[in-house]
Amino acid sequence: MLPCENRLIKKKDFTAIYSSGHSFSFKNVIIKVKNNNLKVTRVGIAIGLKFSKKAVKRNKIKRQLREIFRKRIKQIKIGKDIIVMVKKIKAEEFIFSEIEKSVQKVLKEGNLMK
RNA sequence: AAGGUAAAUUGAGUAGUCGCUCCAGUUUUUGGAGAGGAAAGUCCGGACAUUCAGCCUAAUCUUAAUUGGCAAGGGUAGCGGGUAACUCCCGUCUAGAGUAAUCUAAGAGGUGCGAGCAGAGACGCUUCCUUCAGAAAUGAAGAAGCACCCUUUUGGGGUGAGCUCUAAUAGUAAUAUUAGAGGUGAAACGGCAAAAUCCUUACCUGAAUGCAAGGUCGUGUUCUAUUUUUGAAUAAAAUAUAGAAAGUGCCGCGCGAGGUUUUAAGUAAUUAAAACCCAAGAUAAAUGACUACUCACGACAAAAUCCGGCUUAUAGAUUUACCUUGAUA
RNA sequence: GCGGCCAUAGUUUAGUGGUAAAACACGGGUUUGUGGUACCUGGGUCUCGGGUUCGAUUCCCGGUGGCCGCC
């Protein structure tokens with residue numbers, strides 16, 4: 001789990017990023033980014049019913065994404081708001097290492113790494 | 001040994017590193033706790049909260065509120081019991097399925113069950129009608145009284161089972177068994193009731209909405225209306241009250257119809273007593289990742305007010321009781 | 001989370017236990033030199049699985065998919 005200051009919580013922030021954020025994607029992972037005028041990076045995760053109808057699967061991918069960003073939070077450029085979304089995934093690709101790789105690629109594409 | 005029936009338990013484990021939620025301490029890292037048998041579907045029933053509550057009667061007065069009754073609405077439907085309550089559970093009767101263990105059932109009465117004819121009376125008979133076969137005539141199918149015997153032909157008679165009533169015995173009761181009587185003897189015996197009730201009967205019951213119920217504190221933003229003051233000409237500022245929009249803190253929120261063990265009552269569901277125990281409480285919402293070892297190589301699936309049921313999903317493992325068949329003694 | 005509703009032809013709707021209906025659309029045919037119009041005609045697993053019933057789109061139970069409301 002991420003520390004409190006690195007979480008993206010408020011509804012306003014989400015709608016702002018959805019409307020005017022830059023988006024990048026690789027395979028099944030999509031990212032939306034916007035500058036905030038703070039000294040921290042904030043990450044929000046959006047997993048809808050469309051990903052899977054089962055709560056277990058949705059919870060699991062949320063946890064895995066959080067773990068990925070927790071490891072990398074200090075490597076990401078400061079002062080960004082990020083939303084992460086995931087499309088439907090086949091059972092074979094539903095593995096931690098696979099998701100980690102694709103997230104890594106997306107972050108490079110968006111030029112977010114230090 | 002094989003096959004079957006009924007039920008119960010479990011739902012990978014151990015060690016380490018980093019990280020999350022809550023609690024306690026302490027003052028900057030220390031200790032403890034952290035998803036399920038279905039947490040699910042939301043199909044029922046409660047607890048709890050808010051709002052509403054017709055008529056009569058008695059209690060000094062008042063009230064839905066205490067007593068007794070009615071109306072309206074809702075529920076239940078073999079019989080008996082359990083429970084806070086239930087469409088649940090237990091026991092039992094009847095009917096049906098099975099060699100059996102056992103399983104299934106919403107199982108009161110009336111009205112009703114396509115149209116017409118005969119008939120006292122039709123859901124059944126016949127005809128129309130529908131479907132199938134056929135070139136057609138026509139035949140078959142469209143729920144439902146039986147078996148046997150005698151006589152003999154479009155019929156007549158007898159016996160049994162079945163039906164109704166009465167009595168005795170057993171049982172709290174539904175009911176069962178035995179005995180007797182009655183008419184019927186084929187067209188009136190009997191079937192369907194899941195329409196979850198149009199009417200009746202008996203019994204039970206305030207109703208509606210649901211924790212996004214509801215309560216409370218403060219902050220600050222925007223808009224609208226009103227009042228007062230300043231001010232002056234339609235504008236600005238301040239104060240107070242009310243409403244709306246957006247966002248948010250706290251309570252509700254987990255010690256409870258609670259668990260575990262023992263004893264007692266009961267065929268059982270369950271109840272009573274004693275001892276011990278405290279076991280998630282989040283709010284963009286906590287359980288993940290990595291490493292090592294073991295095996296059966298891990299199914300279905302994750303709390304969101306709480307509890308009792310029902311229903312549906314579920315890999316594998318373990319246990320108990322019973323039944324049938326076969327073998328041996 | 002709590003509560004409610006719906007599913008019938010390609011689309012929009014009827015259908016209160018007894019042969020699945022209408023409009024538009026679509027396919028085929030006739031008329032026409034061709035097209036339109038007009039006329040004739042065709043196509044349903046009544047969302048899926050059980051149950052009650054002689055008989056179910058309709059009644060009951062369960063699943064699947066979709067939609068809506070709530071400080």
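Chain A is the first sequence line, chain B the second, and so forth, proteins listed ahead of strands; every chain is numbered from 1.
- Residue A/Q64 places its side chain closer to B/A289 than to any other of B/A301, B/A289, B/A303.
- The pairing partner recorded for B/C79 is B/G91, the criterion being a Watson-Crick or G-U wobble arrangement whose two distances lie under 3.5 angstrom.
- Contact between A/I68 and A/E100 at its shortest, heavy atoms only, is CD1-CA, 3.9 Å.
- Comparing the same atom, C1', in B/G247 and in B/U227 gives a spacing of 30 Å after rounding to whole Å.
- Look at the C1' atom in both B/G80 and B/A268: the space between them is 13 Å, to the nearest Å.
- Taking the charged nitrogens against the carboxylate oxygens, A/D81 and A/R42 do have a contact shorter than 4.0 Å, which makes a salt bridge.
- Interatomic distance, OG of A/S23 versus CE of A/M85, reported as 7.5 Å (0.5 Å rounding).
- Under the Watson-Crick or G-U wobble criterion, with both distances below 3.5 Å, B/C310 is paired with B/G41.
- A distance of 9.5 Å separates CD1 of A/I31 from OG of A/S25, quoted to the nearest 0.5 Å.
- Base pairing of B/C103 is made with B/G96, judged by Watson-Crick or G-U wobble geometry with both donor-acceptor distances under 3.5 Å.
- One P atom belongs to B/A272, the other to B/A173, and the distance between them is 29 Å to the nearest Å.
- In B/G37 the base sits syn relative to the sugar, since the glycosidic angle is no further than 90° from 0.
- The side chain of A/R70 approaches B/C18 more closely than any other nucleotide in the set B/A289, B/C18, B/A302.
- Both key distances under 3.5 Å define a Watson-Crick or G-U pair, and stretches of 3 or more such consecutive pairs in RNA chain C run C:1-7 with C:64-70, C:10-13 with C:21-24, C:26-30 with C:38-42, C:47-51 with C:59-63.
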Test side chain to side chain contact (heavy atoms under 4.5 Å, CB included) applied to A/F24 and A/L107, step by step:
CA-CA 8 Å; A/F24 310 96; A/L107 288 174; over 6 Å; no

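- B/A284 atom C1' lies 14 Å from atom CG of A/D81, rounded to whole Å.
- Checking B/A289, B/A286, B/A301 against the side-chain heavy atoms of A/V56 singles out B/A301 as nearest.
- In this structure, the separation between CD1 on A/I45 and CD1 on A/I83 is 11.0 Å, given to the nearest 0.5 Å.
- Under the 90° criterion around 0 for the glycosidic angle, B/A279 counts as syn.
- Atom NZ of A/K101 and atom P of B/A289 are 17 Å apart (whole Å).
- When every heavy atom of A/L65 is checked against every heavy atom of A/I99, the shortest pair comes out as CD2-CG2, 4.1 Å.
- Taking atom CD1 on A/I99 and atom C1' on B/A289, their separation rounds to 12 Å, with Å as the unit.
- Taking atom P in both B/U67 and B/U267, the straight-line distance is 37 Å, to the nearest Å.
- The P atoms of B/U248 and C/C2 are separated by 22 Å, rounded to the nearest whole Å.
- Distance NZ (A/K57) to C1' (B/C300): 12 Å, rounded to an integer number of Å.
- The partner of B/A207 is B/U51, judged by Watson-Crick or G-U wobble contacts that both fall below 3.5 Å.
- The same atom, P, is picked in B/G32 and in B/U14; the two are 16 Å apart, to the nearest Å.
- Atom name C1', nucleotides B/C22 and B/A35: the rounded distance is 15 Å, in whole Å.
- For A/R63 and B/A289, the shortest distance from a side-chain N or O to OP1 or OP2 is not below 4.0 Å.
- Side-chain contact between A/V86 and A/I61 is present, with heavy atoms from C-beta onward closer than 4.5 Å.
- In this structure, CG of A/N59 is placed 17 Å from P of B/A282, rounded to the nearest angstrom.
- With a cut-off of 3.5 Å on both Watson-Crick or G-U wobble distances, the partner of B/G214 is given as B/C251.
- Base pairing of B/C129: its partner is B/G142, meeting the Watson-Crick or G-U wobble criterion (both donor-acceptor distances under 3.5 Å).
- What separates CD1 of A/I68 from P of B/G288 is a distance of 15 Å, to the nearest Å.
- Of all nucleotides listed (B/U287, B/A289, B/A302), B/U287 comes nearest to the side chain of A/R66.
- The side chain to side chain contact (heavy atoms under 4.5 Å, CB included) test applied to A/K54 returns A/S52, not counting sequence neighbours.
- In terms of position on RNA chain B, the residue among A/G44 and A/K54 whose nearest nucleotide sits closer to the 5' end is A/G44.
- Regarding A/R58, its CZ atom lies at a distance of 18 Å from the C1' atom of B/G288, rounded to whole Å.
- Of the options A/V43, A/I30, A/V106, a side-chain contact (heavy atoms from CB on, under 4.5 Å) to A/V84 is made by A/V43 and by none of the others.
- By the rule that a glycosidic angle within 90° of 0 means syn, B/G254 counts as syn.
- Nucleotides B/U209 and B/G114 have their P atoms positioned 40 Å apart, rounded to a whole Å.
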Please write out the pairs of protein N or O atoms and N or O atoms of nucleotides 314-316 of chain B separated by less than 3.5 Å, giving the distance to one decimal.
none

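- Applying the Watson-Crick and G-U wobble criteria (two distances, each under 3.5 Å), B/U164 pairs with B/A181.
- For the pair A/E67 CD and B/A289 P, the interatomic distance rounds to 8 Å; values are reported in whole Å.
- Using a 4.0 Å heavy-atom distance criterion, A/K62 is classed as making no nucleic acid contact.
- When both distances must be under 3.5 Å, the Watson-Crick or G-U wobble mate of B/G243 is B/C223.
- Base orientation of B/A115: anti, since the glycosidic angle falls outside 90° of 0.
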